[in-house]
Asks: 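The structure that follows is given in the form of structure tokens.
Residue numbers run from 1 in the order of the sequence given.
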Amino acid sequence: MSAVQKINREPGLKAAIQAAVLAVLLLWSAVQAGPARAQAFQSLAPYAILLDTASGTVLYEKAADELMVPASLAKLATVLVAFQEIAQGRLTLDSEIVISENAWRKGGGPSGGSAMFAQLNSRVKLSDILRGIIVQSGNDASIALAEAVAGDESTFARIMTERVRALGLTKSVFKNATGMGDPQQRVTAREMALLADHIIRTYPELYKIFGEREFTWNKIRQQNRNPLLGMDLGADGLKTGNITESGFGLVGSAVQHGQRLIVVVNGLKTAREREQEARKLLEWGFRAFETRQIFAEGEIVGEASVFGGTKGRVGLKAKGPVSLLLPRGTNERLNARIVYRGPLTVPLQEGAEVGRLLVTRGDVKTLDIPLYAAESIEPGTLQSRAFDALMEAATGWVRKAFKRS
């Protein structure tokens, strides 16, 4: 079953939240959170999210978990696969990628879409292919990469989906390497932000390509399509997208005074709207929030029940301190809960990931981080295991009774 520990608190009252979490084992649907409050800031974007990467705090969201058409934002997953292939030694930046007739005709100059304009049957180093994808949004470069890695684009698209699933992104589905329209190709704003965060953290050297302002290939010079790079925001990358089905979208990142924010907007009517909404979100995020630490490093956040062990409960803690960003001077209520599949079984190893801490602020899913067992717990005596089995059976009967009522 899924166990939930849930509390409401005002910002800054760490002792209250901790006491409540430690005291409560299971609270079901009868326990209701306080009424959600609308966010003070509003964006024109139909889909949007603003993420502080250091704390994992979501500062703003709008339809962030609804499926949307990615257009060329899908190329972030294409690039992810390429970066992984490099990291695992299957490709190098000097690997030569063949521009097939399919890549040239479907994604190159003859297609009329965004292209690197690589020549038919030419061999292009991967370092240049990546710039063709990232800086120029080249569909020909994306298809050629897909064919080099997987033999064909549809197989590569399945790999793209598998790789993001491995990162915990459960909703996004990719059907091609370019972002061209497909009725089954969908992503969410939240998962695009998490994918961008992963790329930035995991491949910092390769990520620098996203910040390059221009790239010339086949004597054709093209500017990076990311409008944030030309602003005084500290922006250093990621990707834009636009097809008829998607509207105008952008995944962007900027750093100010050591703080990195990732913004995603999509579904806007014009490139100008896309630029304005992304900029407004970033500027607001950098100026309107302050950091609050909830739990120190190693501090127990809550407890989970344990079945058949030498102890009936185990403390849960995060890796490192738990902090989040809150609007300056806010008095908004925070709702926090611990969710896990329980009771936990033994043997249980210290450091095993067993649950998650979820914090909401109004209608914003502010924080979602993993929690780990604070100690190891070995199997108990036969008598204690039998008692736990009896108690679990009784608890299950009560749960079924609640469901029937």
Asks: Taking Glu153 for the side chain and Ala177 for the main chain, is one N or O donor matched with an acceptor at less than 3.5 Å?
Replies: yes
Asks: Salt-bridge test for Arg260 and Asp197: reply yes if a basic N is under 4.0 Å from a carboxylate O, no otherwise.
Replies: no
Asks: Between Asn176 (side chain only) and Thr178 (backbone N and O only), is there a donor and an acceptor less than 3.5 Å apart?
Replies: yes
Asks: Is a side-chain N or O of Lys239 found less than 3.5 angstrom from the main chain of Lys75, in a donor-acceptor match?
Replies: no
Asks: Would you check if Ile200 and Val255 make a side-chain contact, meaning some heavy-atom pair closer than 4.5 Å?
Replies: no
Asks: Kindly compute the distance separating CZ (Arg333) from CZ (Arg361), expressed to the nearest 0.5 Å.
Replies: 15.0 Å
Asks: Looking at every heavy atom in both Ile99 and Ala103, which two are closest together, and how far apart are they?
Replies: CG2-CB, 4.4 Å
Asks: Take Leu80 and Met160 through the side-chain contact (heavy atoms from CB on, under 4.5 Å) test and state the conclusion after the steps.
Replies: CA-CA 8 Å; Leu80 168 71; Met160 292 165 65; over 6 Å; no
Asks: Are Asp94 and Thr92 close enough that a side-chain donor and a side-chain acceptor fall under 3.5 Å?
Replies: no
Asks: Can you name the closest pair of heavy atoms from Leu228 and Ala235 and give their distance?
Replies: O-CB, 3.4 Å
Asks: Testing the basics here: between Val98 and Ala144, what is the closest heavy-atom pair and its distance to 0.1 Å?
Replies: O-CB, 3.6 Å
Asks: Identify whether the distance between the nearest side-chain nitrogen and carboxylate oxygen of Lys280 and Glu283 falls below 4.0 Å.
Replies: no
Asks: Are any side-chain N or O atoms of Glu277 and backbone N or O atoms of Ser43, one a donor and one an acceptor, separated by less than 3.5 Å?
Replies: no
Asks: Would you name the heavy atoms of Lys175 and Val173 that are closest together and state the gap between them?
Replies: CE-CG1, 4.1 Å
Asks: Nearest 0.5 Å please: distance from the NE2 atom of His198 over to the CZ atom of Phe83.
Replies: 10.5 Å
Asks: Got a donor-acceptor contact below 3.5 angstrom from the Glu299 side chain to the Pro321 backbone?
Replies: no
Asks: I'd like to know whether Asn102 forms a side-chain hydrogen bond (donor to acceptor under 3.5 Å, both in side chains) with Ser100, so could you lay out the CA-CA distance, the side-chain angles of the two residues, the decisive distance to 0.1 Å, and finally the verdict.
Replies: CA-CA 5 Å; Asn102 177 60; Ser100 69; 4.8 Å; no
Asks: Is there side-chain contact between Met68 and Glu66, with heavy atoms separated by less than 4.5 Å?
Replies: no
Asks: Classify the ring geometry between Trp284 and Phe41 as parallel (under 30°), tilted (30 to 60°) or perpendicular (over 60°).
Replies: parallel
Asks: Do Leu261 and Leu59 have side chains that approach each other closer than 4.5 Å (heavy atoms only, starting at C-beta)?
Replies: yes
Asks: Can Lys317 be said to sit on top of Phe295's aromatic six-ring, NZ or CZ under 6.0 Å from centre and within 45° of the ring axis?
Replies: no
Asks: How close do Gln119 and Asn218 get, counting heavy atoms only, and between which atoms?
Replies: NE2-OD1, 3.5 Å
Asks: Counting only heavy atoms from other residues, nucleotides and ligands, does the tally under 6.0 Å from CD of Gln259 exceed 12?
Replies: yes
Asks: Please report the closest heavy-atom contact between Asn266 and Ser246, naming both atoms and the distance.
Replies: OD1-O, 3.7 Å
Asks: Which distance, rounded to the nearest 0.5 Å, do you find between the CD of Glu350 and the CD1 of Ile377?
Replies: 10.5 Å
Asks: Check this for me: does any side-chain nitrogen of one of Glu61 and Lys365 sit under 4.0 Å from a carboxylate oxygen of the other?
Replies: no
Asks: Does Glu353 come within less than 4.0 Å of Lys319, counting only side-chain N to carboxylate O?
Replies: no
Asks: Do side-chain atoms of Asp52 reach the backbone of Thr57 as a donor and acceptor pair under 3.5 angstrom?
Replies: no
Asks: Look only at the side chain of Asp140 and the backbone of Met116, and say whether a donor-acceptor pair between them is shorter than 3.5 Å.
Replies: yes
